[in-house]
*Asks:* 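Take this structure, written in structure tokens, and hold onto it; I'll ask about it next.
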Number of protein chains: 2
Amino acid sequence: METRTKPRPDAPDQGASRIERLCIEQGLKMTGQRRLIARVLSEAEDHPDVEDVYRRALALDNKVSIATVYRTVRLLEEKGILERRDFGGGRARYDPADRGQHHHLIDVDTGKVIEFADEEFEALARAMARRLGFSLVGQRLELFGRKIDPDPTPSPAPRRREARDA
Amino acid sequence: METRTKPRPDAPDQGASRIERLCIEQGLKMTGQRRLIARVLSEAEDHPDVEDVYRRALALDNKVSIATVYRTVRLLEEKGILERRDFGGGRARYDPADRGQHHHLIDVDTGKVIEFADEEFEALARAMARRLGFSLVGQRLELFGRKIDPDPTPSPAPRRREARDA
DNA sequence: CTAGATGCAAAAACTTTGCTCTCTG
DNA sequence: CAGAGAGCAAAGTTTTTGCATCTAG
């Protein structure tokens, strides 16, 4: 198992962003707003919710409405460019699908999310599905853990509503 | 791996339901409404959302408000009696925790949810967490699959919002 | 040019809460 | 009997939508 190498951020705003290229491949009409949202998503190294995407987009260029962000992430999800996640907290989070198959370990004390991949798990998942009579078309694995602590510090009070991203 | 043996439904409405007993163990004040909700949850073999619980409770006894259902499932979740799940669809689903550790395979064509357990996976999950420097305190595994079909029938149109429980 | 995109504000969907009255322990 | 719980309706959040107006291809 190796922790994932994150895709290096795109070269500073020249040319199409990583996600924009995927949109074009899918034959999507590229408006200014879509390009903007694509760029925000390409540069994100966390798992932003719609609000996050909206705020970051506005920070780059004040020309997008929240409704468009909702419509766009939904479209990108349908095209397989984004994956919707739910780490609790009531909002959907989004994760670019081109980062490759990976899973999440959520630190229950801090809410931090760590991504990782594991070939042994991939194989096991396929095997489990097959044993139930299915072929695997997708999967979702989240581990919740507590740091094995070399330096025991009083842990902060637990949140009521699960993880908040790093 | 064995598909889980579901807990047999409680003997027809005599005495405390399975979930009610857990509530009592936790020292919860047992009102008529809580008993009713506990019974609905004890008898459920699927993963009802709040609406489902509410409707089923009303069907048994017309004496509960939706607000109480929300408050109760939240309470039971905090007490560790229920687990909140999200299979997509925008609503939280609930799963009695006393069924033991298990996972879900969602049939992407029908939305049916199959539960299963797998010891090999449990071990692997612990190992993955340890390798990242964490001790495992919880986990969530969902597989999405398509039936390996001995009789190819045109599949129904896919839903927009993921799984609907069986 | 025209199908599809956007903005805005209204509405829908889901969940929580304030307050008063009720009931369990 | 006191403190916790229930009901109801109002308010909060998050997400979707109708419609008039733009715009990429």
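Chain naming here is simple, since letters A, B, ... match the order of the sequence lines and numbering starts at 1 in each.
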*Asks:* Nearest-Å distance, CD1 (B:Ile66) to C1' (D:dA6)?
*Replies:* 14 Å
*Asks:* Looking at C:dT17, I'd like to know if its phosphate oxygens (OP1 or OP2) sit under 4.0 Å from a side-chain N or O belonging to B:Arg74.
*Replies:* yes
*Asks:* What orientation do A:His103 and A:Phe121 show, parallel under 30°, tilted 30 to 60°, or perpendicular over 60°?
*Replies:* perpendicular
*Asks:* Taking B:Ser135 for the side chain and A:Ile148 for the main chain, is one N or O donor matched with an acceptor at less than 3.5 Å?
*Replies:* no
*Asks:* Without decimals, in angstroms, what is the distance between A:Met30 CE and C:dG4 P?
*Replies:* 17 Å
*Asks:* Rounded to the Å, how far apart are B:Glu78 CD and D:dG5 P?
*Replies:* 11 Å
*Asks:* Relative to the 5' end of DNA chain C, which residue comes earlier, B:Leu28 or B:Tyr70, by the nucleotide with the nearest heavy atom?
*Replies:* B:Tyr70
*Asks:* How are the rings of B:His104 and B:His47 set relative to one another: parallel (under 30°), tilted (30 to 60°) or perpendicular (over 60°)?
*Replies:* perpendicular
*Asks:* Under 4.0 Å between a side-chain N/O of A:Gln33 and OP1 or OP2 of C:dG7, yes or no?
*Replies:* yes
*Asks:* In whole angstroms, how far is the P atom of C:dC8 from the NZ atom of A:Lys63?
*Replies:* 12 Å
*Asks:* Which whole-number value in Å describes the distance from B:Tyr54 OH to C:dC14 P?
*Replies:* 15 Å
*Asks:* Among the nucleotides D:dT17, C:dA3, C:dT6, which one has an atom lying closest to any side-chain atom of A:Thr68?
*Replies:* C:dT6
*Asks:* For D:dT23, take OP1 and OP2 only and decide whether either is under 4.0 Å from a side-chain N or O of A:Thr31.
*Replies:* no
*Asks:* Provide, to the nearest angstrom, the distance between the CG atom belonging to B:Asn62 and the P atom belonging to D:dG7.
*Replies:* 10 Å
*Asks:* Side chain of A:Ser65 only, please: which of D:dA6, C:dT15, C:dG7 is the nearest?
*Replies:* C:dG7
*Asks:* For A:Glu77, is there an ion pair with A:Lys79 - N to carboxylate O distance below 4.0 angstrom?
*Replies:* no
*Asks:* Please classify the nucleic acid contact of A:Arg71 as base, sugar-phosphate, or nothing, using heavy-atom distances under 4.0 Å.
*Replies:* base
*Asks:* Between B:Lys29 and B:Glu51, which residue's closest nucleotide on DNA chain C lies nearer the 5′ terminus?
*Replies:* B:Glu51
*Asks:* If you check every side-chain atom of A:Ala67, which of D:dT14, C:dC8, C:dT6 has the closest atom?
*Replies:* C:dC8
*Asks:* Grab the CZ-P distance between B:Arg91 and D:dT16 for me, whole Å please.
*Replies:* 13 Å
*Asks:* Between C1' on C:dT24 and CD on B:Gln26, what's the gap in Å once rounded to a whole number?
*Replies:* 18 Å
*Asks:* Which heavy atom of B:Glu20 sits nearest to which heavy atom of B:Met30, and what is that distance?
*Replies:* CG-CE, 3.6 Å
